[in-house]
Protein chains: 2
Amino acid sequence: MLSIGDALVVHLACVGELSTEDKAAIRSIKGEVRTYPKQRDVMRVGDKPDESMIVLKGHVCRYTIGHDGARQVQSFHMPTETPCLETLHIDYMDMNLATVTEATIGAIKHTELQRVLTERPNVLSVVWRETLVQGSITREWLVRNSTLPAHAAMAHLFCEIYTRAQAVGLTRDMTCDFPVSQEMLADSLGITAVHVNRTLQVLREANLVQFKGGLLWVKDFERLQALADFDPLYLHLHC
Amino acid sequence: MLSIGDALVVHLACVGELSTEDKAAIRSIKGEVRTYPKQRDVMRVGDKPDESMIVLKGHVCRYTIGHDGARQVQSFHMPTETPCLETLHIDYMDMNLATVTEATIGAIKHTELQRVLTERPNVLSVVWRETLVQGSITREWLVRNSTLPAHAAMAHLFCEIYTRAQAVGLTRDMTCDFPVSQEMLADSLGITAVHVNRTLQVLREANLVQFKGGLLWVKDFERLQALADFDPLYLHLHC
DNA sequence: CGAGTCATTGAAATTACTCAACCCTAGTGG
DNA sequence: CCACTAGGGTTGAGTAATTTCAATGACTCG
């Protein structure tokens, strides 16, 4: 498992150009490492956090609960990703952050982060850019859930997860971890769990993708991508 | 009509705290004022802009077109708002920016903006925060289009537009400009124009809201808000 | 006046949801 | 070692929301 500093370097290197000095400065960032059980809230709506998080092990997600109890998952985050950098400048949380599986998370005080950002303007640019790429991904989720029918939306999400995992070396043999239940998948795509189940069967029978036991197995990326109308441009990957 | 500097001050004051010196520095920002006819693209997917925009008059929107020709409107922007500040750190446009009505737009060179951001760290914080609030709004659009049925989603969008207009003094007598066609409304909510038409009738007959001729008339904000499960927290309004 | 755009309506088809039951598997405690 | 349980996962049938298609109406602009 990576340290907070190393994980940050890996992640930010996917987002923008870092000099050797930048990387050294980022590695100097200290934080507290915590382990949470699965399905545990880490931050809640209304919180005023004084630290940002980085996933070191396991998976986390962000979500909101509607008035009627409906949950909308707004993002998934795998190791090295930073689910709440935006708290640097947004005072109140407007969503919840929770673990999906048991997860080890690094908590970095804003003051500690700011120290490096003021010292190194380029790191500030890259961290800012990171928050903007998050926004770009959210926009794509909006497009996905608003315009695509269920099977295409699901294919699109699978393409994204696989591509992001690949960017940080978390794939092997066309598979990657995606340890979410069908219900959580439903809450991210804005459809019901029953419909997810049936849609998964369609994708499986078309021999495009297999999703079982928290493992995503992409059997035909090309056709999955075509079905999903997936273009990774919006991920703004630098690596 | 406001100047670029004055409009920026009005907008950024909604986002965060600005000192007198900050405001003076922002007012010193120069840009080019351009007028576009309605329904005209201002930026396109793949562009590498070297300037950011601020709406001075009229309305603009951001949108993407899917493989099958489906358009997803991702945001609307009224006067004083800044639809593409994120281009400061995101090199390639991943969506289009277009006018809705005839519009007058201020174009600010990134170099000019950076000049003030490096001089005044607090302005940088507020501008960064602005881009994060955009992200927060996008997340709410995701929730809206993913979890709410058509009439609630539409009510929610109306609440948001009215609230944002109110924040910058663009409402009078429970009305505000919202000069979009039913088709564009459909493309923002992710439903068909036909369904928009019928849903509008429902809201109108319930005496909640009237939407005609580009004017939004909120007849009962309380009930509209209740129907939409609208909580303005996500707008992170500072004023 | 005519062309074009936007709004409205109706009916049929499709997609997705609801509800309720059943299955499967991993983990638990006796 | 086995029965029990709980949390997914799967299935079927009926229902509701939304789309599609096609036609008509209203309004604006040149």
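Quick note on labels: first sequence line is chain A, next is B, and so on, each numbered from 1. On a predicted model such as this, the values are computed, not experimentally measured, just so you know.
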Undergrad: Do A:K212 and A:R204 have side chains that get closer than 4.5 Å, going by heavy atoms?
TA: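 The answer is no, as the side chains (C-beta and beyond) never meet within the 4.5 Å cut-off.
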Undergrad: Run the side chain to side chain contact (heavy atoms under 4.5 Å, CB included) check on A:V60 and A:L97 step by step: do they pass?
TA: CA-CA 7 Å; A:V60 306; A:L97 175 66; 4.1 Å; yes
Undergrad: Donor-acceptor check, side chain of A:R71 to backbone of A:Y63, threshold 3.5 angstrom: yes or no?
TA: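 Flag not set: sc A:R71 to bb A:Y63 has no pair under 3.5 Å.
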Undergrad: Whole angstrom is fine here: how far is it from CG in B:L203 over to P in C:dT8?
TA: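 It is 13 Å, rounded to the nearest whole Å.
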Undergrad: Between P on C:dA7 and CZ on B:F211, what's the gap in Å once rounded to a whole number?
TA: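 B:F211 atom CZ is separated from C:dA7 atom P by 7 Å.
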Undergrad: Which heavy atom of A:L2 sits nearest to which heavy atom of A:L56, and what is that distance?
TA: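 Closest approach of A:L2 to A:L56: O-CD2, 3.8 Å.
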Undergrad: Rounded at 0.5 Å granularity, tell me how far CD in B:E140 sits from CG in A:D94.
TA: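 Between B:E140 CD and A:D94 CG, I get 7.5 Å after rounding to 0.5 Å.
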Undergrad: Given side chain to side chain contact (heavy atoms under 4.5 Å, CB included), test B:V133 with A:I90 step by step and report yes or no.
TA: CA-CA 8 Å; B:V133 171; A:I90 293 276; 3.8 Å; yes
Undergrad: Show the distances under 3.5 angstrom between N or O atoms of the protein and N or O atoms of nucleotides 12-16 of chain C.
TA:
{"unit_1": "C:dA16", "atom_1": "OP1", "unit_2": "A:A150", "atom_2": "N", "d": "3.1"}
{"unit_1": "C:dA16", "atom_1": "OP2", "unit_2": "A:H195", "atom_2": "NE2", "d": "3.0"}
{"unit_1": "C:dA16", "atom_1": "O5'", "unit_2": "A:H195", "atom_2": "NE2", "d": "3.2"}

Undergrad: Which distance, rounded to the nearest 0.5 Å, do you find between the OG of A:S181 and the CD of A:Q39?
TA: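 The distance works out to 6.5 Å.
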Undergrad: Taking the side chain as every heavy atom from C-beta outward, state whether B:V202 and B:M154 have any pair of such atoms under 4.5 Å apart.
TA: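 Not in contact.
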Undergrad: Return the value, rounded to whole Å, for the distance between atom CD of B:E183 and atom C1' of C:dC6.
TA: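 That distance rounds to 9 Å.
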Undergrad: Under 4.0 Å from any heavy atom of chain B: name the first and the last nucleotide of DNA chain D that qualifies, 5' to 3'.
TA: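 Both ends considered, the range comes out as D:dT18 to D:dC21.
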Undergrad: Determine: side-chain N/O of B:N197 to OP1/OP2 of C:dA7, distance under 4.0 Å, yes or no.
TA: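 For B:N197, the contact criterion (side-chain N or O under 4.0 Å from OP1 or OP2 of C:dA7) is not met.
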Undergrad: Reckon B:Q201 has a side-chain N or O less than 4.0 Å from the OP1 or OP2 of C:dT9?
TA: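 Answer is yes, contact under 4.0 Å.
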Undergrad: Take the angle between the ring planes of A:F76 and A:F178 and call it parallel below 30°, perpendicular above 60°, tilted in between.
TA: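 Ring orientation, 0 to 90° scale: perpendicular.
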Undergrad: For B:C84, does its backbone N or O pair with a side-chain atom of B:S52 as donor and acceptor, under 3.5 Å?
TA: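 Between the backbone of B:C84 and the side chain of B:S52 there is a qualifying donor-acceptor contact (under 3.5 Å).
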Undergrad: Does the plane of the ring in B:Y162 sit parallel, tilted or perpendicular to the ring in B:F221? Use 30° and 60° as the thresholds.
TA: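 Judged by the thresholds at 30° and 60°, the geometry between B:Y162 and B:F221 is tilted.
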Undergrad: Can you name the atoms? Protein N/O to nucleotides 24-29 of chain C N/O, anything below 3.5 Å, with the distance.
TA:
none

